[in-house]
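Notes follow once the structure below has been shown.
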Amino acid sequence: EQHLYEIYIFVTLLIFSIKNISVNIATWGTPVQSTLAYNWYAQNALDGLSFKKPSSSCSSTDNQTNPWWRVDLSSVYRVSRVVITNRLDCCPEKIDGAEIRIGNSLENNGNNNPICAVISSIPAGVSSTYTCNNMDGRYVSLFIPGDSRILTLCEVEVYGEVNNSPHTVLARI
Ligand SMILES: *[C@@H]1O[C@H](CO)[C@@H](O)[C@H](O)[C@H]1NC(C)=O
């Protein structure tokens, strides 16, 4: 009994400390994008690599109307910020106007979820941070409205915490 109690305390404290460390929760998510350009897979935006070789470390859609990329975090998180790394090899302006959307709906492929930020521009190879003020959502999407657009992402990082707060667990002891 005493042993179980100790384990319980340990796990609770572990969860509590993990909660307070900034973890990129997108790493474990499942990504998908509207179309695929060559081998620029949706997964490449979550591989922790930005520019080793653009085609193998960045994601990209085809040239299309309303391109999007989305990660399913598999449960609801309270998102504090999203970090986007733009391509280094060329044409950084292609990211201009991309919307970061966070929420629980898959309506319009998740692109009707509330907007955290609209990217005005990101210089080539730069990682820009967008503050989302604890928006709740299971899905984080990047969406560029318009014709003849290409959505390329070299890295997407999502920081936040699980929505059902471990404080509740702690309070029960
Ligand atoms: C997409 O294709 C159209 C038509 O070929 C072209 O005019 C446009 O510049 C392309 N867009 C991008 C972002 O390359």
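One-based numbering, in listed order, for ligands and for the atoms of each. Along the sequence shown, residues are numbered consecutively beginning with 1.
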**Study point:** Taking every non-hydrogen atom, the tightest pair across Ser59 and Gln33
**Key:**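 Closest approach of Ser59 to Gln33, heavy atoms only: CB-OE1, 3.6 Å.
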Check your understanding: Quick one: does atom 9 (O) of ligand 1 have a protein heavy atom under 4.0 Å from it?
Key ->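 No, there is no protein heavy atom closer to it than 4.0 Å.
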Exercise for review: Would you confirm whether any non-hydrogen atom of the protein falls under 4.0 Å from atom 4 (C) of ligand 1?
Suggested key: no
Check your understanding: Relative to the heavy atoms of Ile150, which atoms of ligand 1 are at a distance of less than 4.0 Å?
Key ->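 Selected atoms, number and element: 12 (C), 13 (C), 14 (O).
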**Study point:** Short side-chain to backbone donor-acceptor contact, Thr85 and Cys154, under 3.5 Å
**Key:**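 Checking the backbone N and O of Cys154 against the side chain of Thr85, no donor-acceptor pair under 3.5 Å is found.
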Check your understanding: So which protein heavy atom does atom 12 (C) of ligand 1 come closest to, and at what separation?
Key -> Asn63 ND2, 3.5 Å
Point to revise | side chain to side chain donor-acceptor pair (under 3.5 Å) between Asn24 and Glu157, worked out | key: CA-CA 6 Å; Asn24 175 12; Glu157 297 158 67; 4.7 Å; no
Exercise for review: May I ask you to check if ligand 1 and Ser148 share an N or O to N or O distance below 3.5 Å?
Suggested key: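 Looking only at distances, the answer is yes, because the N/O contact criterion of under 3.5 Å is met.
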**Study point:** Distance-only donor-acceptor check, side chains Arg81 and Thr131, under 3.5 Å
**Key:**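 Side chains of Arg81 and Thr131: no pair found under 3.5 Å.
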**Study point:** Reported CG-to-CD distance for the pair Asn113 and Glu99, which is rounded to 0.5 angstrom
**Key:** 11.5 Å
